[in-house]
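Read the structure below first, then the notes.
Being a predicted model, the structure only gives us computed values, none of them experimental.
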Amino acid sequence: MGEEISGTAFSRADHARYRAKVQQCLDTLEHMLETGVFVEDEWRTGLEIELNLADSEMRPFLDNATVLERIDDPLYTTELGKFTIELNVEPRRIDGQSLQQLEAALRKNLNRARDRAGDAGAELVMIGTLPTLPVPPEDRAWFSDSDRYRALDDAVMSSRREDITLSIGGAEPLSLTVDSIAAEAACTSTQFHLQVTPERYAAYWNAAQLLAGPQLALGANSPFLFGHHLQAETRIEAFLQSTDTRSPELRNQGVRPRVFFGDRWITSIFDLFEENVHYFPALLPVSSEEDPAEVLAAGGTPSLAELRLHNGTIYRWNRPIYDVQDGRPHLRVENRVLPAGPSVVDTLANAAFFYGAIVELVTDERPLWSRMSFDAARENFENAARDGITTTFYWPGMGEVPADELVLRRLLPLASRGLERLGVDSRVAGRYLDIIEARARLQRNGATWQVAAVRGLQARGSDREEALRLMLAEYVHAMHSGEPVHTWDVP
C-alpha cells in the first residue's frame, strides 16, 4: 500500500499543485529515459509477502501493531487490515544457488517472526484470503492505524459517492454492501520484483502480462471469501471491486478501474506512467518540495515522489516501478499476480517459474505478444482467476489448450531454459520446476486443496464455519511442514 503520509484532508489547491507536480515528474522521467541515466544492471530480484494473522481458534487476530512490536524487524510493516502484515525481502541477483539461499533465509526469518508473533497470541498464515474472515464491520474497525489508509478510504468513497457493493460470481455467489474499502484487506499477495534496463522494459512487461494467466492457474489460493466458495482466485475480483472508485455510470462508460490489467502491449515504460497521469485522478495529492528538473539538471537523481505516490494508488497486476538506490535510478517490473502461500517452497517454485519463463520469453525474435491480441491475454487472466488449474487458455501456435498441457508442453521447458540463461544451478532449477510440473500434472494447488478439505470436513458433519476453521488449522500445520501443497494430505 506504500509509504505513510501525514494528514487525510486535501484542498482544491492541493489537488491542483499535485497535478502539476506529477506532470513535472513525468516530463523529467521522459528526459531521463532519453539521456540514458539509469542503472543498466539486470536480473536483480526482490520479494514481498503479505501475511495474515490468526488467533488460536484460526479467526483473524486484530492487533498487527503488537505483533510488529514483538517481531521488531524493519523488514516487516503494516498492511491495510489489522490482521495483516507485510514482509519485504532484500533484493539479490538470480543465479547459482541464490533461489535456494533465498528459501533458507525466508524460512529462518519467518520462523523467528512466527515465534515472536506467537508470544502475542498470533499465528502467521501465508494464504490469498483468510477463509475464516467474517463480513467486514462498519466504521473502519479493520483498519490499521495509518493516515494513508484513512485518506485512501476517504478518497475512494468520495469518488464513488455511495457504498461499495461486492458482487462476485462462483459456486456460491456473493453479494455484499460495505461502507469502506475494508474488503481489500482480505486480499493478500506475493509480489515478485525484477530489475531490468529501460531499453528492454517493454519486452519484460509484455511478457509478464502473457504469463499472468498461467501464473494464476498454477498458483490460485483464494477460493473462499466471507464464508462463500467463489472462484479459484477470488482475490482478483475482490481487490478490483473493493477499491473501485467508479460509479456504475462510469463503469458503463468504460472508465478504467484502479485495479487494472491494462489496455495494450507497450513500447516503453513511459507508456505506463503516461497512462497513469492521463487516465487516473489523484487519490492522495501529497506534494514534495523537490523540483525534479532542477535536481536532474544539477547532476542529481530526482525522487519523482509525486509520480511514485500516484503509481502506488493504481493497482496494475504488473506494475512499473521507478526507484533510487545508492543515488542511482533503476526500473523494475513488480509482478502482483499471485496470492500469498501456500508454503515457502511453493513460493520459491512460483518465483523460479516466473523468472525463468519471463527471461526466456524476451529472447524470442518474434515475441509471443506480436502473435497474440492483448484482449486474449486479458481473457486468459480472467479465466484463470475464475477456474484456476482447470482453465483453458488461448496460446499462439496451440490454439485453445488446457492449462496443464500448456504448462507441461510449453512453459516449463521455457522456464528451464530461462533459469539456465540466468545461471541458476541446474539442480536448484530442477527442484523448483519439478514442483510446478507436479502441480500441473496432478491439477492440484492451494485452491483445490482448500476446497477438497472443506468438502471432506462438511461431508463428515461440520458446518461451513467449523469446516473453514478446521481446514485453516490443517493448512497452517502443512504450511510449516516444509512440503509443497501438491503433497499435502486432505483432512
Side-chain angles (χ1 to χ4, degrees), residues 1-39 46 48 74 77-80 86 88 90-91 144 146-156 159 191 193 195-196 198 201 243 245 258 260 268-316 318-334 336:
M1 298 290 288
E3 296 178 359
E4 183 57 274
I5 65 171
S6 178
T8 60
F10 303 104
S11 66
R12 295 176 185 175
D14 290 330
H15 279 272
R17 182 171 185 237
Y18 185 79
R19 184 190 299 275
K21 289 296 299 289
V22 169
Q23 185 62 52
Q24 286 179 344
C25 290
L26 184 66
D27 294 342
T28 302
L29 175 65
E30 183 175 28
H31 185 63
M32 294 172 73
L33 291 168
E34 290 171 349
T35 54
V37 300
F38 285 90
V39 171
E48 300 171 58
T77 186
T78 58
E79 269 294 321
L80 172 63
E86 180 177 272
N88 294 276
E90 294 177 335
S144 295
S146 163
D147 281 351
R148 181 186 177 95
Y149 303 139
R150 288 186 287 269
L152 189 63
D153 185 57
D154 285 341
V156 171
S159 295
Q191 297 152 31
H193 290 247
Q195 181 177 312
V196 299
Y201 191 93
T243 57
T245 58
R258 306 299 291 206
F260 189 41
S268 166
I269 190 174
F270 185 79
D271 295 347
L272 301 175
F273 282 111
E274 187 176 44
E275 284 181 356
N276 288 358
V277 174
H278 287 179
Y279 297 147
F280 295 97
L283 294 183
L284 303 175
V286 178
S287 298
S288 70
E289 297 303 318
E290 177 186 80
D291 184 317
E294 285 186 3
V295 172
L296 186 63
T301 300
S303 68
L304 305 186
E306 291 80 9
L307 193 72
R308 292 165 67 188
L309 177 59
H310 189 48
N311 187 48
T313 65
I314 300 161
Y315 307 104
R316 296 177 185 271
N318 285 294
R319 179 189 272 167
I321 299 293
Y322 167 93
D323 208 350
V324 180
Q325 186 172 24
D326 300 327
R328 296 288 308 281
H330 68 265
L331 303 175
R332 303 195 304 270
V333 176
E334 182 188 31
R336 304 163 50 82

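For the pair Gln195/Pro91, no side-chain contact is recorded, criterion being any heavy-atom separation below 4.5 Å from C-beta on. Using a 4.5 Å cut-off on side-chain heavy atoms (C-beta onward), Thr313 and Arg148 make contact. Residues Tyr18 and Leu309 have side chains in contact (heavy-atom distance under 4.5 Å, counting atoms from C-beta outward). Two residues are said to be in side-chain contact when any heavy atoms from C-beta on lie closer than 4.5 Å; His193 and Asn88 fail this criterion. Between Glu334 and Arg332 the shortest side-chain heavy-atom distance does not fall below 4.5 Å.
Atom CG of Leu284 sits about 10.0 Å away from atom CG of Asp154, to the nearest 0.5 Å. A distance of 3.5 Å separates CZ in Arg258 from CG in Leu283, rounded to the nearest 0.5 Å. Taking NZ of Lys21 as the start and CG of Asp291 as the end, the distance is 7.0 Å to the nearest 0.5 Å. Rounding to the nearest 0.5 angstrom, the gap separating the CZ atom in Arg319 from the CG atom in Asn276 is 9.0 Å. Distance check: Cys25 SG to Arg308 CZ gives 10.0 Å after rounding to the nearest 0.5 Å. Rounded to the nearest 0.5 angstrom, Leu296 CG and Thr301 OG1 are separated by 7.5 Å.
Between Ile321 and Tyr201, the shortest heavy-atom distance links the atoms N-OH, 4.0 Å. Across every non-hydrogen atom of Val22 and Glu306, the tightest pair is CG2-CB, 3.8 Å. Taking all atoms of both residues into account, the shortest heavy-atom contact from Phe270 to Leu33 is CB-CD1, 3.8 Å. In terms of heavy atoms, Thr78 sits closest to Tyr149 at O-OH, 3.4 Å. Contact detail for Pro302 and Val295: the closest heavy-atom pair is N-CG1, 3.7 Å. Scanning all heavy atoms of the two residues, the minimum distance from Arg316 to Pro320 falls at CD-CD, 3.7 Å.
Heavy-atom contacts from other residues, nucleotides or ligands closer than 6.0 Å to CD of Glu34 number more than 12. Heavy-atom neighbours of His31 NE2 from other residues, nucleotides or ligands within 6.0 Å: at or below the threshold of 12.
In this structure, Phe280 has its ring center under 6.0 Å from that of Phe260.
Partner of His15 under the side chain to side chain contact (heavy atoms under 4.5 Å, CB included) criterion, chosen from Ser287, Pro281, Pro285: Pro285.
Note on Arg17 versus Glu289: salt bridge recorded, some NZ/NE/NH1/NH2 to OD/OE distance being below 4.0 Å.
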Query raised in the report: Do Arg150 and Asp147 pass the salt bridge (charged side-chain N to carboxylate O under 4.0 Å, His left out) test, and can you show the C-alpha distance, the side-chain angles, and the key distance before you say yes or no?
Result: CA-CA 5 Å; Arg150 288 186 287 269; Asp147 281 351; 2.8 Å; yes

Report task. Before giving the answer on side-chain hydrogen bond (donor to acceptor under 3.5 Å, both in side chains), spell out for Ser11 and Asp14 the whole-Å C-alpha distance, their side-chain angles and the decisive distance to 0.1 Å. Result -> CA-CA 5 Å; Ser11 66; Asp14 290 330; 3.2 Å; yes

Query raised in the report: Taking it one step at a time, do Tyr322 and Leu307 satisfy side-chain contact (heavy atoms from CB on, under 4.5 Å)?
Result: CA-CA 9 Å; Tyr322 167 93; Leu307 193 72; 5.8 Å; no

